[in-house]
Amino acid sequence: MKKMFEKVASAVLAAALGMTLTAGVAFAQDPVTVEIPVTVSISSTYKPSTAESMQVILEAVDADSPMPEGSTDGAYSVTISGEGSATLGAITYTTPGIYNYTVHQAAGSNSRGTYDSTVYQVKVQITNDKSGNLIASVVSHVDGMDEKPADIAFTNSYTRSSGGGSSHSGGSSSGGSSSSGSTAGSNSGPGVSSSDSGSSSGDPGTSGELTPIGGDPGILGALPQTGTLWWMVPILAVVGILLFAAGFSKSQRQED
């Protein structure tokens, strides 16, 4: 009976060792960072002589969704002067999952302006690759639209006053993203943290693999992986069997 107990104990010890090693690998993950690019443009020929400061706001749908540093009450914003591009901060993820956000533009204060009120639904999916590293993919959609947008963009327009007034035509009024610490008019709502981002274009600086916005919607149907490296399981199982066999052989020799 004692010998049988020793055999069982050896097998259990081997299995426990394998689980410990696997768990250690599963939690050894580096964070992944995502930056969401946004664009504001003006479609009309007439443009105000003084560019408006437009705010684009990122809000977390779920309380556990990570946000960029400097967010307030689950909201973060960037300010773009007139028209241009920027990124909505840097969001760092440490665990696999699907995280939901909305992105919208706050209406400006120009009485002759028509402002894009589109609300983008953004999903960031964090999974593990075959090596256990975290990777990110981002997709967006607009409720009521069948096609997924290629990017997050807001288009505004202005009408000329009946008296003519001063105007800037062409692209000369594009000021890019504002470096001012305040927002003109009443663009920002309560609880919104504003980032005075510089003009941004090109690669937003995302770490890891990032599926472009408007990518394959099927990505969101996949369940997040756990991070376990399954290739170690057969090896650990063989080690456990060998330990069990060694204990059994030893007990047989002692009985003989």
Side-chain angles (χ1 to χ4, degrees), residues 27-40 54-80 84-106 118-129 131-143 148-154 176-179 183 188-217 219-227:
F27 285 102
Q29 304 174 85
D30 292 329
V32 62
T33 300
V34 170
E35 292 186 342
I36 301 173
V38 296
T39 301
V40 174
M54 305 304 301
Q55 275 194 320
V56 179
I57 302 169
L58 171 74
E59 293 184 294
V61 174
D62 308 309
D64 60 347
S65 294
M67 291 290 291
E69 184 177 353
S71 300
T72 303
D73 296 332
Y76 181 89
S77 73
V78 292
T79 301
I80 297 175
S85 299
T87 56
L88 288 167
I91 310 173
T92 300
Y93 300 88
T94 58
T95 57
I98 295 178
Y99 303 95
N100 299 286
Y101 305 88
T102 63
V103 177
H104 71 278
Q105 174 189 246
T118 303
V119 177
Y120 291 87
Q121 307 290 331
V122 179
K123 290 187 178 182
V124 178
Q125 184 179 24
I126 306 298
T127 58
N128 296 105
D129 62 15
S131 300
N133 299 315
L134 291 176
I135 56 174
S137 62
V138 181
V139 294
S140 68
H141 75 277
V142 176
D143 290 342
K148 294 187 177 296
D151 50 26
I152 297 178
F154 301 93
S177 53
S178 171
S179 60
T183 302
S188 61
V192 174
S193 172
S194 176
S195 169
D196 302 321
S197 170
S199 178
S200 173
S201 62
D203 184 6
T206 301
S207 307
E209 299 180 9
L210 177 64
T211 299
I213 291 176
D216 184 1
I219 276 181
L220 295 179
L223 293 176
Q225 301 177 26
T226 62

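Bear in mind that the values here come from a model prediction, so they are computed numbers and not experimental data.
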Q | Non-neighbouring partners of Thr95 that pass side chain to side chain donor-acceptor pair (under 3.5 Å), sequence neighbours left out | A | Tyr99

Q. Which atom names give the shortest non-hydrogen contact between Ala75 and Glu59, and what distance separates them?
A. CB-CG, 4.0 Å

(Q) Between Ile152 and Leu88, is there a side-chain heavy-atom distance shorter than 4.5 Å? (A) no

(Q) Return the CD1 to CD1 distance between Ile126 and Ile135, rounded to the nearest 0.5 Å. (A) 8.5 Å

Q: Give, for atom CE of Met54 and atom OG of Ser77, the distance between the pair rounded to the nearest 0.5 Å.
A: 11.5 Å

Q) Taking all non-hydrogen atoms of both residues, which atom of Met67 and which atom of Ala60 are closest, and how far apart? A) SD-CB, 3.7 Å

**Q.** Considering all heavy atoms, the nearest Ser71-Tyr76 contact
**A.** OG-CB, 3.4 Å

Q: For Tyr120, check ring pair (Phe, Tyr, Trp, His ring centres under 6.0 Å) against everything at least two apart and list the hits.
A: Phe154

Q: Indicate yes or no: at least one non-hydrogen side-chain atom of Ile91 is less than 4.5 angstrom from one of Leu58.
A: yes

Q) Are any of the side-chain heavy atoms of Asp151 and Pro37 separated by less than 4.5 Å? A) no

(Q) Val103 vs Val56, test: side-chain contact (heavy atoms from CB on, under 4.5 Å). Steps then yes/no. (A) CA-CA 7 Å; Val103 177; Val56 179; 3.6 Å; yes

(Q) If the condition is side chain to side chain contact (heavy atoms under 4.5 Å, CB included), which residues does Asn100 pass it with, not counting sequence neighbours? (A) Val61, Asp62, Ile98, Lys123

Q) Mind checking what makes side chain to side chain donor-acceptor pair (under 3.5 Å) contact with Thr102, not counting sequence neighbours? A) none

Q.
I want to check something: taking the side chain as every heavy atom from C-beta on, are Pro66 and Tyr101 in contact at a cut-off of under 4.5 Å?
A. yes

Q) Which residues pass the side chain to side chain contact (heavy atoms under 4.5 Å, CB included) test with Asp143, sequence neighbours left out? A) Gln121, His141

Q. With sequence neighbours left out, what residues match Thr39 under side chain to side chain donor-acceptor pair (under 3.5 Å)?
A. Ser85

(Q) Could you tell me if the side chain of Leu134 sits less than 4.5 Å from the side chain of Thr127, heavy atoms only? (A) no

